[in-house]
Amino acid sequence: MATHEDLRKGSTTVRAEPAGDEPRGARGTAIGLVTGAVAIGVAHLVAGLVDPEATPFVAVGQTAIDATPEWLKSFAIRTFGENDKSALLWGMGIVLTGICVVLGIASTRRIAIGLFGLAAFGALGVAAAISRPAARPVDALPVILGAAAGAGALLLLNRSPKKSPRPVEPETPGGLDRRRFLLSAAGLTALAAAAGGLGGLVSRRFRADESRAAVRIPAPASPATTPAGVDLDVRGVSPFFTPNASFYRVDTALLAPSLMAEDWRLRIHGMVDREISLDYAQLLARPLIERDVTLTCVSNPVGGHYAGNARWIGAPLKDLLEEAGVQTGADQIVTRSVDGFTIGTPTAVVLDGRDAMLAVAMNGEPLPIDHGFPVRMIVPGLYGYVSAMKWITDMTLTTFNAFDAYWIERGWAQRGPIKTMSRIDTPRLLATVRAGDVPIGGVAWAQHTGIQRVEVRIDDGDWTQADLSAQDTIDTWRQWVYRWRATAGDHELSVRATDRNGVTQSEVHHAPFPDGATGLHTITVHVAG
């Protein structure tokens, strides 16, 4: 039979145990979160000193984008639109948080598990950082030092309490160790926040904002002229010129490359008689043209908004290629961006007389960084994935048989002429409007062919011709409007366009993959009596 002293000692031993299941879970969660924060914060700081694109989130995220199967990429674009990259980063953050919690809890039982997990993620980050096309060995430093800092935090937070010469009082089991843990966790959290914030500040030196602000675009030798009536001024219809801030952005760059104008170089080589290399000042010194061109992404679904019209200034691309001397058989122009992304463009299209250019300005200002500053390529009539290279630094004349560009490797068509399309901007899908005069309006495009006619159908009625805005050029979209005498009830509205060759857009619905969507934009609205 146990004595009173035995029971008292047993009671004291149980109450002084600092690591029951519930405390260990709470402590492990905190350890994991703080460790992850320290690792990311320090890595972000080092990346700010080395290269912002080498930060683990960007490096791993960019690798994830490149490794994502086409069906998942298309799903992300359809679901999240231009927020697909933000969705990826949020998803990565959630997954990383969960992993940090698991490793933190595991480390309270066996520290080696936590250290092994950090090492594994460090190896993954290093592989992602140095596998980038423009990577340097130093780009591995952010991940390595971040993982090392995380390991130090993990060891510090898991350190064993010091032996006390006297037994801990039952009323405060583990109290001294708990206070020390909380102080350590708070200090490390502050360190992580400070490192991350400082990393953001020092990385500004890699930004091209100041370089862009210093650019002065020369007056074009061939300015654009816009006829009266290109904008119908119908409320709800997309403006003729899409503001830069609203212009769609679809690309694979998780972080828009920041390339200084003074550092920009373009090399034209491959199947040419004379290799050409020029810098930004030399490009601006060439005779520039100013043109209105509508761009469209091949991922644009029927009725989608991955289309925009802007006024561009740039150097004619045909002139440069003629100076280089394109050799017979060079049917493809492969362009590369500063981050290694590739696009393949049919050579014949660029040389056929259309206003293909190396653009330096957009809607009256130097190219925004997100849209390719300092230089991007524009080729009217082709979807962006085969023409609209942003942050361009290299141009190789080659053949389609010799090289498959980024999207072609993933199953998209080699040549991407834009398909005739029309869209209803107003009224909106499922909108409620009042009976009476209701304008139905939107835009239609058939780049480098031009729009000849737009028609609207109400329910199962006949197709009726809409009013068109004046045509700027065959490379831009046209606004249209149909004055509808709306009657009470639910109605289905459809639109179709016919190009200047007399070809009416297909009514057969087809997804964007592999060469652009087809089908009629149809919406349902409710008319209140």
Side-chain angles (χ1 to χ4, degrees), residues 52-53 57-58 61-62 64-66 68 70 72-91 207-209 212 238-239 241-259 292-301 303-314 335-343 357-380 382-393 405-407 410 412 416 418 421 423 443 445 447 476-477 512 516-517:
E53 292 186 29
F57 257 67
V58 174
Q62 194 65 59
I65 289 175
D66 293 340
T68 299
E70 177 50 42
L72 187 53
K73 277 194 176 94
S74 298
F75 170 79
I77 293 174
R78 288 195 310 271
T79 304
F80 301 107
E82 294 183 57
N83 296 317
D84 56 343
K85 299 178 183 66
S86 297
L88 172 63
L89 290 175
W90 274 102
R207 293 285 295 168
D209 302 78
R212 179 176 179 269
S238 300
F241 287 115
T242 309
N244 290 354
S246 303
F247 208 96
Y248 78 92
R249 178 193 168 191
V250 177
D251 53 54
T252 64
L254 193 57
L255 181 67
S258 285
L259 179 58
D292 302 337
V293 180
T294 298
L295 302 186
T296 309
C297 179
V298 71
S299 299
N300 196 41
H305 286 75
Y306 294 152
N309 185 56
R311 173 161 289 183
W312 311 89
I313 294 177
T335 50
R336 286 177 173 81
S337 72
V338 67
D339 63 356
F341 178 76
T342 57
I343 277 178
M357 70 174 81
L358 293 177
V360 295
M362 178 181 183
N363 287 332
E365 61 182 72
L367 287 173
I369 292 174
D370 282 351
H371 292 288
F373 178 82
V375 183
R376 70 174 295 168
M377 192 165 82
I378 301 290
V379 182
L382 297 181
Y383 286 119
Y385 82 106
V386 294
S387 66
M389 174 61 79
K390 295 185 280 190
W391 313 291
I392 184 172
T393 58
Y406 183 93
W407 288 114
R410 288 154 177 81
W412 292 81
I418 295 174
M421 187 61 66
R423 183 182 75 206
V443 288
W445 58 86
Q447 289 94 313
T476 64
W477 61 15

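Remark: the backbone N or O of Y406 is paired with a side-chain donor or acceptor of T342 at under 3.5 angstrom. Counting only distance, with no hydrogens or angles, the side chain of W312 and the backbone of A310 share a donor-acceptor pair below 3.5 Å. The backbone N or O of G516 lies less than 3.5 Å from no partner atom in the side chain of W412, so there is not a single donor-acceptor pair.
For the residue pair F373 and L367, the shortest heavy atom distance occurs at CB-O, 3.2 Å. Heavy-atom minimum distance, A256 versus I369: CB-CG2, 4.2 Å. Residues M357 and G314 approach most closely at SD-N, 3.6 Å, considering heavy atoms. Of all heavy-atom pairs between N363 and T242, the closest is ND2-O, 2.9 Å. Taking each heavy atom of A208 and L259 in turn, the nearest pair found is CB-O, 3.7 Å. Here the shortest heavy-atom pairing between G384 and I343 reads O-CD1, 3.6 Å.
A heavy-atom distance below 4.5 Å is found between the side chains of W477 and R423. Side-chain atoms of V360 and L358, non-hydrogen and from C-beta on, never get closer than 4.5 Å to each other. Considering only heavy atoms from C-beta on, S337 comes within 4.5 Å of M389 through its side chain. Residues F247 and P368 fail the side-chain proximity criterion, which asks for heavy atoms closer than 4.5 Å. Looking at heavy atoms from C-beta onward, Y248 lies in side-chain contact with L295 at the 4.5 angstrom threshold.
In this structure, T335 OG1 and M377 CE are separated by 4.5 Å, a value rounded to the nearest 0.5 Å. Taken to the nearest 0.5 Å, the CE atom of M362 stands 11.5 Å off from the CZ atom of F241. Between atom CH2 of residue W407 and atom CZ of residue F341 there is a gap of 6.5 Å, rounded to the nearest 0.5 Å.
Taking the side-chain hydrogen bond (donor to acceptor under 3.5 Å, both in side chains) definition, one finds that T294 meets it with N309, sequence neighbours left out.
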Please evaluate residues T296 and W445 with respect to the criterion side-chain contact (heavy atoms from CB on, under 4.5 Å), reporting the C-alpha separation (whole Å), side-chain torsions for both, the decisive distance (0.1 Å), and the verdict.
CA-CA 9 Å; T296 309; W445 58 86; 3.7 Å; yes
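Residue pairs meeting the salt bridge (Lys or Arg N to Asp or Glu O under 4.0 Å) criterion with at least one member in residues 357-372, sequence neighbours excluded, are R212-E365, R249-D370.
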